[in-house]
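Each remark here refers to the structure printed beneath this line.
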Amino acid sequence: MLVPGTISRPPADMAIPYTEQLIFTIATQIPFVLFFGMGLRNLISRGDPMALLFGIGGCLAGTFEPVVDVLGFCYFPRDGNWVAYEFFGRPIPAFVPATYGWFVGGMGYWAWNILQDPKTTRADIWSLWFKAFIVNLVLEYPPLYYGIYTYYGYQPLQLLGFPLWFPATNATTPMVAGTIVKLIEPHLKGWRYLAVVTTTAGAYGMANAAFGFPVWLALSTDVGYSATYPAVAMTATLLAMGVWIMSLQVPENGAVKLNGNANGHARRQIKE
């Protein structure tokens, strides 16, 4: 499926190379196996299901990939593709669910732990976004280079074939998952822990729709860079506002000292 009324098209003769797909599939499964192993260990040894639930939610988040691909003009060719599932006529390779399991789920779990730490400051939240951005660059440049997928249309901010607004948006998805889970955690009892799965699964779609929609709309016009560059400026503004809003849940300068105590315990003073 392509956006109706557009003439921008991916390469018609593109095919996923077998060896490169095999290497990338194995490479992306390693962090997935390590993270899920940790989740199972936490569940068995401590009765803590959080890592495992984040991971399952991350795998499910991958089902939103075809929507992002259609609207964001990203393309996995059908030829040579080891298809895991297909929606909107977009075949999604087998490495995607596990990759989302550790990127959205595993890094969402990491973000949640950082948000739980009383030493975390607002600057740490911006650092968290930047680290997720770098991880996404490392994750996506190799498959782009080897022709496993591509971006097409009038993509703004392209660097070596990678439109940088994509990783900037993707970097917020684990942060959105961690933020929402932190907010709902006091209400998680028994079966309600399943909300961690649904929240993480939905975080990818929420973040991409909330921050990426200006570029989606501009790409759909097929007008050219005169539309997509103003749109990416709007996306950058929305991203900055989003990260700033998520940072407000932690102190600006770390743990607040009350009457000289950094542990948060106030000392009652009675004026005579």
State, to 0.1 Å, how close R41 and S45 come at their nearest heavy-atom pair, and which atoms those are. O-OG, 2.6 Å

F162 and F166 aromatic centres sub-6.0 Å: no

Do any N or O atoms from the side chain of Q21 and from the backbone of G80 form a donor-acceptor pair under 3.5 angstrom? yes

With a 4.5 Å cut-off on side-chain heavy atoms, are P163 and F73 touching? no

Hey, is E65 close enough to R90 for a salt bridge, meaning N to O under 4.0 Å? no

Closest non-hydrogen atoms of A207 and V176, given as atom of the first, atom of the second and distance, are CB-CG2, 4.1 Å

Short side-chain to backbone donor-acceptor contact, N42 and P49, under 3.5 Å: no

So, for T121 and N253, which heavy atoms are closest and what is the spacing to 0.1 Å? CG2-C, 3.6 Å

Between Y204 (side chain only) and P174 (backbone N and O only), is there a donor and an acceptor less than 3.5 Å apart? no

Is T228 reaching over with its side chain to a backbone N or O of Y154, donor-acceptor style, under 3.5 angstrom? yes

Please step through side chain to side chain contact (heavy atoms under 4.5 Å, CB included) for the pair E140 and Y145, ending with a clear verdict. CA-CA 9 Å; E140 296 209 38; Y145 177 79; over 6 Å; no

Got W102 and V33 here, is their nearest side-chain heavy-atom distance under 4.5 Å? no

Do M206 and F64 have side chains that approach each other closer than 4.5 Å (heavy atoms only, starting at C-beta)? no

Sequence-distant partners of F211, ring-ring contact (aromatic ring centres under 6.0 Å, His included), two or more places apart: none

As an exercise, state the distance from OG1 of T179 to CD1 of I184, rounded to the nearest 0.5 Å. 11.5 Å

Taking the hydrophobic residues Ile, Leu, Val, Met, Phe, Trp and Tyr, and joining any pair whose side-chain heavy atoms are under 4.5 Å apart, which ones share a cluster with Y18? L22, I26, W82

Quick one: are the ring centres of W216 and F213 less than 6.0 Å apart? no

Is there a side-chain contact between T235 and T169, using heavy atoms and a 4.5 Å cut-off? yes

Are E86 and R78 packed together at the side-chain level, in the sense that at least one heavy-atom pair is separated by less than 4.5 angstrom? yes

Taking atom CG of D79 and atom CD1 of I16, what is their separation to the nearest 0.5 Å? 9.0 Å

Quick one: pull up CH2 in W112 and CE in M50 and give me the separation to the nearest 0.5 Å. 4.0 Å

For a quick test of reading the model, state the closest non-hydrogen atom pair linking L139 to F103 and the distance between them. CD2-CD1, 4.5 Å

Kindly say whether the aromatic ring centers of Y151 and Y75 come within a distance under 6.0 Å. no

State, with a plain yes or no, whether a side-chain heavy atom of L115 is found less than 4.5 Å away from one of V250. yes

Would a 4.5 Å heavy-atom cut-off, applied to side chains only, mark T198 and L60 as touching? no

Do L53 and I44 share a hydrophobic cluster, counting only Ile, Leu, Val, Met, Phe, Trp and Tyr and linking them when any side-chain heavy atoms are less than 4.5 Å apart? no

Any donor and acceptor pair, going by atom type alone, linking the side chain of T120 with main-chain N or O of I114 inside 3.5 Å? yes

Taking OH in Y229 as the centre, count heavy atoms belonging to other residues, nucleotides or ligands within less than 6.0 Å. Is the count above 12? yes

Where do M175 and V243 come nearest, in terms of heavy atoms and distance? CE-CG1, 4.2 Å

Could you give me the CA-CA distance, side-chain angles and deciding distance for V181 and F54, then say whether side chain to side chain contact (heavy atoms under 4.5 Å, CB included) is met? CA-CA 10 Å; V181 171; F54 266 101; 3.7 Å; yes

Show the nearest heavy-atom pair for residues T150 and L144, with the distance to one decimal. CA-CD2, 4.0 Å

Surrounding OH of Y225 (heavy atoms of other residues, nucleotides or ligands, distance under 6.0 Å), is the total greater than 12? yes

Would you mind reporting whether Q249 and I125 have side-chain heavy atoms less than 4.5 Å apart? no

Return the CD1 to OG1 distance between I56 and T200, rounded to the nearest 0.5 Å. 10.0 Å

Determine yes or no for a side-chain-to-main-chain donor-acceptor pair under 3.5 angstrom, with T199 supplying the side chain and V196 the backbone. no

Nearest 0.5 Å, please: how far is CD1 in I92 from CZ in F76? 5.5 Å

Any donor-acceptor pair under 3.5 Å from D117 side chain to N113 backbone: no

Aromatic ring centroids of W129 and F133 under 6.0 Å? yes

Is the distance between the ring centroids of Y146 and F24 less than 6.0 Å? no

Measuring from atom CG of L164 to atom CD of Q158, what distance do you get when rounded to the nearest 0.5 angstrom? 9.0 Å

Remaining members of the apolar cluster that contains L34, side-chain heavy atoms under 4.5 Å: I30

